[in-house]
Every structure is written in C-alpha cells, then in structure tokens.
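Residue numbering restarts at 1 for every chain, and letters A, B, ... go by the order of the sequence lines.
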Amino acid sequence: MTHETWDGERIAAAFVDRFDRPAPRELSAATIEQIRVTSRRPRWWPSVERPSATRLVSGIAVVAVLAILLMPKASTPGPGIAQPSATGSAGGPSQPASSPYQSFPPSPAVPGFPLTVIGLDVRSVADAQSLLANPITADTELAVAGWYSARDLALPCPYQPLTSPVAFRCVDVAAWLSGSDRGLMTPGASLVLRFIDPVAPIPGTGGPRNAMVSTPLPVVLIGHFHDERSVRCETADMDACQRAFVVDASLAQDGTPLSEAPTPPREARLRLSDKEAIQIARDRLGASGEALAVGLEQGGDAPWFTPQDPATKGLFLPPWTWFIRGYWRLPPGSVDPRPTGTPVAGWLAIDDATGLVSGTLLNGVTGPAAPVPPSPIAGFPPTVDGLPVMRVFEAIARDSVDDRPVAVAGWLSQIPPPLVECAPVALRCGQWSLSLSDTNVGPPGDASTSQPSVTGGLPAGRMAPVLLLGGPPPPPANADGSPRRVVVILHRGDLRADRIQPGDPVSSSGYVVDQFAWIDGVDQPRAIYLEPGIRPRLTPETVLTIAGPIQTGQTWTYSISAVRADHLASIGVASRMGTTGIAWVIRMTGNNPLDPTSGPHGWGTIVVDDATGNFKTSWTDGP
Amino acid sequence: MNRRVSAGIEWSNPIARKRSPRVDRALVEQARRGDRDAFEAIVRSRIDAVYRLSLAILGDEADARDATQETFVAAWRRIASVRDLDRFDSWLQRIAVNAARMALRARRRRLVREIASSDVEITAGPSAAAVEPTDGQRLARAMDRLTFDQRAILALHHLEGRGLDEIAATLAIPIGTAKSRLFTARRALEKALFVEDDR
C-alpha cells in the first residue's frame, strides 16, 4: 500500500473536514439555562492557605476555633438591633406567616452596587431589614449592599460557653452595615453584624477582628439571619442573637472578595485541609450551589447541628468536625414549595477523620458521602490485590451499589444461623452471617455499640451469595469467641440478590464477600469456589492459563469460581456464551488489560466457557 | 510499501479554519462583574468554537456536548479571576481542555465494555472496506490512538489555528515545551495515520 504524505496542510484540512461542526442547536440554550442556576465563586477560595499560628486562641490548646466577635445583649440592645422596617414591604412574601418556607422577590437595584454577586441578588439594607418582618429562616442566604463600620464599644458577650471556656469569644467591637455612606448605626435602618471566626474575613482589615473601621466602607456582605448557633445564647438574648446578620462572606463594592478567608489553626492537627473540606462540600452542593464559609468545632455532633439523616448520627467522631455553610438551588420537582432555582442555604458537617458528610440543607443533601481516600490503617496491610484497604465506615460511606470490589479491614464475627427459610432459587442457604466492625470491642451488631458494621452477605437470615462467585467459608472464630482481624474483599449490588428476596431493597444493598484476603496478619490464597454438585472439565490452573493473556499489566485476580452456566444469566453475561454446562468466573481488579492508559482502580470479570475455553470479559474503569 | 514521512513540522498553519473574532473586551469585563446577560452573549458567540475543540479532542459528540456545557459553567464560576481580558480566549480554551480531560475520565469510569474473545486480538486483519474513508475519517481514527495531551495540542494547532505562543498560554506551559510537544504529537499522528493506511 502506498502511504501518502500527511503534511500540515492536509492534516488541517482533515481536521476541518471532520470536526468543524456547529454545536447542536439545543446545546446553547441548555448551557445558558445551566448557567442561570449556577453561582459564581468568590475568588478567595482557590487561594486559601494554611493559617498562621497567630490565629490560635491565646495559646490555649485549641478546643474549638469558632468564636463570636460581637453580639449586643438584648437587655441592653445596641442601636442597630434589627427591627422590622416600617417600609419593608418590598420583599414581603405572599405565603402565610406560618409557612416555614419563604421566597422573596428580588430587591430593587442598589445604586453603585452590582445586581448580583455569586449568584445572589444584591439587596439594600432596608430591604434586608424588611425580610425580618417575615418568618425568614436560616436557610435564606442574602447578599446585602451597604456601608460597613466598626467601633470600639464594650458589649457583654451573650453566648454561653457550652462546650469549652474558649468555644466562643467576644471582642469589644461593634460592627454594623448602614444603608448610607454616613455610616450611622440607626435603629431599624442598620444591620447588626456578627462574625463567627473563622467563617468570614472582616471588611477592611483582612485580619484582626477587632480593627476599627471609622470611615464607612462600601461592601456587599453575604450572610443570613437566625443562625443555628443562636441556641447557644442565653434565653434573654435569644431574640437579639437571631436577628443579627451573620456574615459568611465579604465582598467589595464591585463584588470582588475583600480578603482571604481566615482558616483554622495548623496546630489543630487536622486530617483534612480547609481546601479538601470545601471541595467535599462543593461536590455535595453541585454546580448550582456554592460553599460560602467554613467553620470547625471540636467533638462530634455539634449541639446546634441536627443532621437531617438520622443514620449519620453518631458517625461524627472527635476530635474535629468541619462545618461548611453553603447554598444550592432548588431543583425541579422539589417538595419545597419555593420556586425552582431558589437558593437554599444550610450547613454541611464533615467528619475530619473520615470525610463523612451530613447536611442540614432542606430537600436533598443528606446522608454519608464519599469519604476522602483511605489512609493506611494501623495493624492492617495498606493494600490487598491492588485494592486500597479501607475502614468499615469508609465502605459504608461509599454508598454505591455498583459491583465494585472494595477491601475492608475490620474485626469479623460470626452470628448464629438465622431461623428463616431459604430462598427458592439455586443458591445454598448459609449457616452463618457475618458482621464486620471497626473495633474489636463488643459483639459487632450489638445495639449497644455505636460502631457501624457491615453484615457479610445479605441481611441476617439470608445466606451470603459468596457461594456463586467465589470466596471460601468464613474463618472459624477464635476459641474464646472473639472476633478475627481480617481484610475482606466485598462488593455491593450483586445481581443475584434480587433472586434471594425479590424486591427487597435491603437484599440488593447487602455486601457480598468475595475473598477473605488477609486473616490475623496472614495473606490468604486466592479464593477458589466450585459450586456444589458440578464437575468441571477444566481446572482452576487451566482457566488461569486461558485467561492469562488478557491479564497483562497490573491486574489481580481475587476470586475464581465454577458455577452452573444458567446461573450466569443473573449476572448478565451468559446469554451469548454458548456454553452448555459450566462456566468459570474470574473476578479481577487493577488496570484495564485492554487499555494501558486507564487508571489502576478498575474492576472486571472474565467468564470462561468450561466446554470450549472461549471467554468474555467485561471491565469498568475506576476513578 | 512506499512509506513517505513528511519532512518536518510547519509552525504556521494557513489551512486551519478561519479563526473566530476575538470576544469583545467590554463584554468580558461586564461578565467579570457578574453581568449574566453579558456572559450569555459570550456563550452564544463561543459555543461553536468550544464544541468543535471538545469534539476534536474527545471524538464523541455526547462527550463533547457535556464538556462544552461544563466549560461554560466552569467559566462562569471563575470569570471573576480573569486578569488579562485580551487573553480571554486562551483562558476559555484552557477550561475547555480541562473539561475534556474530565469528560474522558468520566467516560472511563462509566464505561463497561463487554469484549468477545476474538476482540482481544489487537492486530486485527485488514477490513474489506467498500468505501475509501475520507481524510477526516482517517484522521479521527488515528486520533483515537493518541494520548489526550497529543490530541489537545494537535486540535489547538491544526483546527483552531493557534500559534505556539497561544498554545503555550492555553496549556500553561513554556513556549519551548509547547513546540516540542507539538512536534512529538505530530510525529505520533503521522505514525497513527500510517497504521490506518495499513488497515
């Protein structure tokens, strides 16, 4: 064959011929629609850095870094305590006052300020004041334009130190936002501001929180009323606390950030960085949302924070929990009666140790989320068969039912056989079920423990479907009945689960054991399972030889099993195999053997026809 | 077999499609200040260019649509960080390249391929193509054999007509690096085209 010259001219012409096409007609409209529900990001987030030690609270071992700067006491109300505005009908709602939801119309433009910042309409101080006349809730994030001032005023601190003497800190500064450049603190026409460190930078200073700002500074403040942390105020101060405007972000008059957001102290020995915590929050908030402010508290579940998903209660462990305030926009079909696209703000709590996320945002952000990449676990191998070993709660937090193998470390206990009937399919009933715990204290699954656990196989009463795709019987319990230290390769979402208990969502979400890869410090041989009653022609060694050429590169086989071919229909690969009796199933992980550019965390299956030696493979590339 | 190799790489690109006019500075400035209408005007004027680039890099229309949308959403979220208004196009193209990269990763994650054993033979025999493929089709198949970075730099140069300085700005690399990468990518493309010729 003759090869023609491919010079630049010809290549360029070929590019134009092949790829110079207009975008599909609907793409432009869809993109613009997407942008309309997408917020802009304050510029400081990408550049936040680790804090300096100067941000430590008085050299005291940091117990909590949230601190309150200012809150006038209700019994001696400051001149700027927010009051319903007599003229405040511009944003008045049409809903009944008892409705927990409010949707406010946009404010008239504020002269000299942008119409919107980071996706929020910019309101005047008077307009923001008027909203307080309505049952406005903490999930309404506002952008308010005005003139910022801070003065040196001695005011008592209204917050009760619920968790520690240093949990809150009041400083002798009063800050407010006025509707005019005269900067006067006028009752009913100024917003009393509250800054909760390390949530937001203070306008005009970028650092010290007690800096005076005597010349009014034009700013746009992002914040909210009725902050949940007001529950820490004394009863007499509660109303004033709730009416203060808690600032989450400070922008200059043109909408650009004024300074970098303060960040937690390095000495806190955090596992996550502020960037990582913010990124986790952003992943949950999606493209239409925005992370606004970051806070950090010692301990697990904060007193003022109630996870919307009760299942996450107790999963947040000491020493640190991040709290990220953010907003997102109501999607179409939301049960929230407010219009689609309305920004709804709230808090995401992120366990610093695990990356678990729980949210208080209405209508959506709930439950555990993907954890941060697992770190080596003391006393266990960092990887088995190419899989990083994760903790039990990390496996739970993955919360995906995708057949993907995961290696999980923990303490394994066997539970007496349940008294239930076996499912009417060709799967054996097991005589055991398993529980895997993060700790070796107490019987796993015991209701008295708060540790999460994975139940081996399907829920109690069902056999573990390990019987089809490999995996030896579980190791015997220790003589004293104590749990065994193991690393187990599991997958979730096994397609056979529905045959055991059709329509049972619990069954389909169960974990299926593929291999006990490591037991009490000893690597275990590859799991080989032969379904009872079958007599395959091939041996496991022969099967591996047949499948060998495809297992190039970094791939690991973690289980081999021989099963009746008709059972393969339930895993979706048998229909075109042409086998008549028995098939072998090899489960493997690692690099995609057919795509050397793929990442190392894929997983796949090779199915070998025992009669002919023909095989098929399916592969899913990992993240 | 008479295999001829082109003699060198020409850095100017007279054949590349005619460049779109530069985005109006004032429009970018308005968008930078949060004017959504201005940004929407930018979307309408640049969406074809971004889609074209995404398609050349990804080779798949669905992925190119996703990457294009993601490009503009990301651009809207970050537009306040644009410093040099004259380099907005390079900035936007950088986002487009990154969006394409993410789309490719997502494609790998979601892809479940079922492969018959016969498919494992990488060196498949010659196909009896009834119709001679066009240069565009041959190019598309050859591009499949290249790495992401090679496809990106070739598309920027040969399709978008970007010079080395603009490519360097778009990919955030030194001009010398852009030159060597383009050279390497071009060589790889020629080899891939020869392989396609042999099919």
Between [X] and [Y], which heavy-atom pair has the shortest distance, and what is it?
X	Y	answer
B/H158	A/F15	CB-CD1, 3.4 Å
B/L139	A/A14	CD2-C, 3.7 Å
B/R52	A/D20	CD-OD1, 3.1 Å
B/A140	A/R18	CB-NE, 3.4 Å
A/P114	B/R33	CB-O, 4.2 Å

(request) Kindly state each residue pair satisfying ring-ring contact (aromatic ring centres under 6.0 Å, His included) with at least one member in residues 29-56 of chain B, sequence neighbours excluded. (result)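 The answer is B/F39-B/W76.
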Best-contacting candidate, B/L154, B/L53, B/T71, against chain A by heavy atom pairs under 4.5 angstrom =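 Looking at each of B/L154, B/L53, B/T71 in turn, B/L154 comes out on top.
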What distance separates [X] [atom1] from [Y] [atom2], expressed to the nearest 0.5 Å?
X	Y	atom1	atom2	value
A/I11	B/R138	CD1	CZ	11.5 Å
A/W6	B/L193	CH2	CG	5.0 Å
B/D135	A/D17	CG	CG	7.5 Å

Toward chain A, the part of [X] with a non-hydrogen atom under 4.5 Å:
X	value
B/E61	side chain
B/T134	side chain
B/A142	neither

More than 12 foreign heavy atoms under 6.0 Å from CZ of B/R94: is that the case here? yes
Checking heavy atoms, do the side chain of A/L115, its backbone, both or neither come under 4.5 Å from chain B?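 No part of it gets close to chain B.
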Test log, rule side-chain contact (heavy atoms from CB on, under 4.5 Å), inputs B/R44 and A/I32: CA-CA 9 Å; B/R44 280 187 279 270; A/I32 288 173; 3.1 Å; yes
Practice problem: Mind ranking A/A23, A/A30, A/A29, A/S28 by heavy-atom pairs under 4.5 Å with chain B and telling me who comes out on top? | Solution: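 Of A/A23, A/A30, A/A29, A/S28, A/A23 has the most heavy-atom pairs under 4.5 Å with chain B.
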